[in-house]
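Notes follow the structure.
Lettering of chains follows the sequences in order, A, B, ..., and the numbering in each one begins at 1. Note that this is a predicted model, so its numbers are computed, not measured.
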There are 2 protein chains.
Amino acid sequence: MTSRRQAGPSGAAFLLAQLGAHAAERFAQRVKELGLTPPDVGLLRMIASQPGRSQRSIATDLGVVPSRVVALVDNLERKELVERRPSATDRRHHALHLTTAGEQVLMRMRSIATAHEDDLCAALSTDERSQLASLLQRIADQQGLVPHVHPGYRNLSTPR
Amino acid sequence: MTSRRQAGPSGAAFLLAQLGAHAAERFAQRVKELGLTPPDVGLLRMIASQPGRSQRSIATDLGVVPSRVVALVDNLERKELVERRPSATDRRHHALHLTTAGEQVLMRMRSIATAHEDDLCAALSTDERSQLASLLQRIADQQGLVPHVHPGYRNLSTPR
DNA sequence: TATTGTTATACTCTATAACTATA
DNA sequence: TATAGTTATAGAGTATAACAATA
């Protein structure tokens with residue numbers, strides 16, 4: 001037994017990965033009560049923010065392959081949270097929209113997200129939380145992360 | 001278009017999940033050059049810190065099922081980084097040890113981890129980095145995370 | 001010919017369950 | 001009877017490739 005640091009990592013990078021996985025996992029548990037997975041949540045948000053988008057454009061923004069969007073949308077359509085509407089201008093497109101039930105789920109999701117945030121940051125004061133958010137935001141900006149897009153969606157087999 | 005926050009999350013929790021996934025992904029890219037995956041790295045570290053451990057005890061600490069440890073160790077043994085030695089006291093056990101090559105890889109891993117950390121926190125000053133690490137550490141403690149263990153290893157189908 | 005969405009398929013990761021050998 | 005490790009199997013998630021309809 002050396003005094004400490006036996007196994008190695010305790011710098012910011014490892015803590016970030018560790019806490020990030022923990023946060024994602026806790027969030028997944030919470031939204032599971034709504035019958036949703038984290039990818040479902042991301043997709044609902046994306047559709048809500050820009051209704052009528054095509055699957056292709058979503059696939060591009062998310063960095064995933066179009067066939068994956070098919071599966072995700074199939075899933076949400078089966079739950080009647082999302083609908084594919086025919087596009088007037090290009091009949092190849094499906095315009096994606098939230099249903100009324102979808103809007104409601106989105107609202108419940110927002111309160112879940114707030115509770116999640118509070119629970120996760122329970123160790124910190126309000127000041128410290130915004131201090132943390134600001135430090136994290138600067139890292140995110142410098143690392144070129146796309147706002148609101150979780151990298152977990154990305155296709156890692158085509159990393160460039 | 002509302003003024004901002006169209007898609008929703010930009011609090012500390014989402015940033016944490018986003019940056020955590022990003023950090024994990026970048027780290028995975030780096031260790032891939034050593035022919036290793038992140039779980040491999042965690043296992044190597046764990047064996048290095050307590051040589052001679054059994055697979056069962058590692059499975060318990062990592063929160064995974066023993067058969068998964070079999071696969072991970074198989075992989076590292078095939079690369080001749082780890083060896084299973086028979087235990088003198090209980091012939092059911094395999095005592096896990098690093099080979100010389102394993103020790104060397106571990107050293108290279110440490111310098112990779114340092115470079116990773118520097119790169120990830122490039123946006124912050126030295127002071128800010130330790131400020132960040134301290135905030136993160138307090139959250140990790142309060143959330144009950146086990147030091148040095150990435151939650152990604154855990155068996156999520158048995159969450160309690 | 002190029003593009004959108006779909007289907008069919010395969011691959012990777014990981015857990016479950018049954019099994020062997022020790023204890 | 002219980003435990004350490006193993007094998008065989010199955011499931012979830014996701015990519016690839018071939019395809020139909022439309023542009």
Q: Please report the C-alpha distance between A:E128 and A:S125 in whole Å, then the side-chain angles of each, then the deciding distance to 0.1 Å, and finally whether the side chain to side chain donor-acceptor pair (under 3.5 Å) criterion is met.
A: CA-CA 5 Å; A:E128 289 168 330; A:S125 70; 3.3 Å; yes
Q: Would you kindly give the CG-to-C1' distance between B:L36 and C:dC13, to the nearest whole Å?
A: 17 Å
Q) What is the distance from CG of A:L43 to P of D:dT14, rounded to the nearest Å? A) 12 Å
**Q.** A:R68: salt bridge (Lys or Arg N to Asp or Glu O under 4.0 Å) partners, not counting sequence neighbours
**A.** none
Q: For DNA chain D, find the residues of residues 67-75 of chain A with a heavy-atom distance under 4.0 Å and give them by number; none if there aren't any.
A: A:S67, A:R68
**Q.** Selection residues 21-74 of chain B - residue pairs positive for ring pair (Phe, Tyr, Trp, His ring centres under 6.0 Å), sequence neighbours left out
**A.** B:F27-B:H116
Q.
What is the distance, to the nearest angstrom, from the CZ atom on B:R53 to the C1' atom on D:dG5?
A. 16 Å
**Q.** Counterpart residues, side-chain contact (heavy atoms from CB on, under 4.5 Å), relative to B:E80 (two or more places apart)
**A.** none
**Q.** Residue closer to the 5' end of DNA chain D, A:T37 versus A:D90 (nearest nucleotide)
**A.** A:T37
Q. Closer than 4.0 Å, any side-chain N/O of A:H94 to the OP1 or OP2 of C:dT6?
A. yes
Q. Within less than 4.0 Å of OP1 or OP2 of C:dA23, is there a side-chain N or O belonging to B:R91?
A. yes
Q | B:L62 CG to C:dA15 C1', straight-line distance once rounded to whole Å | A | 15 Å
**Q.** Protein-nucleotide distance (A:E77, atom CD; C:dT6, atom C1'), rounded to Å
**A.** 13 Å
Q: When you get a sec, tell me which of D:dT6, C:dT6, D:dT16 is the closest nucleotide to the side chain of A:P66?
A: C:dT6
Q. Could you give the CD-to-P distance, from A:E25 to C:dT14, as a whole number of Å?
A. 14 Å
Q: Only pairs at least two apart or in different chains count here, so list each ring pair (Phe, Tyr, Trp, His ring centres under 6.0 Å) that has a residue in residues 57-80 of chain B.
A: none
Q.
Measure CZ/A:R78 against P/C:dT6 and give the value in whole Å, please.
A. 12 Å
Q. Separation of A:R56 atom CZ from D:dT22 atom P, in whole Å?
A. 18 Å
Q) Would you say C:dT22 has OP1 or OP2 under 4.0 Å from some side-chain N or O of B:R92? A) no
Using a 3.5 Å cut-off and no angle test, enumerate the donor-acceptor pairs between side-chain atoms of residues 37-44 of chain B and protein atoms at least two apart in sequence or in another chain.
residue : atom : partner : partner atom : Å
B:T37   : OG1  : B:D40   : N            : 3.4
B:T37   : OG1  : B:D40   : OD2          : 3.1
B:D40   : OD2  : B:T37   : N            : 3.0

(Q) OP1 or OP2 of D:dT6 versus the side-chain N and O atoms of B:R84: is any pair under 4.0 Å? (A) yes
Q.
Test of understanding: clusters of I, L, V, M, F, W, Y form through side-chain heavy atoms closer than 4.5 Å, transitively. Do A:L124 and A:L120 belong to the same one?
A. yes
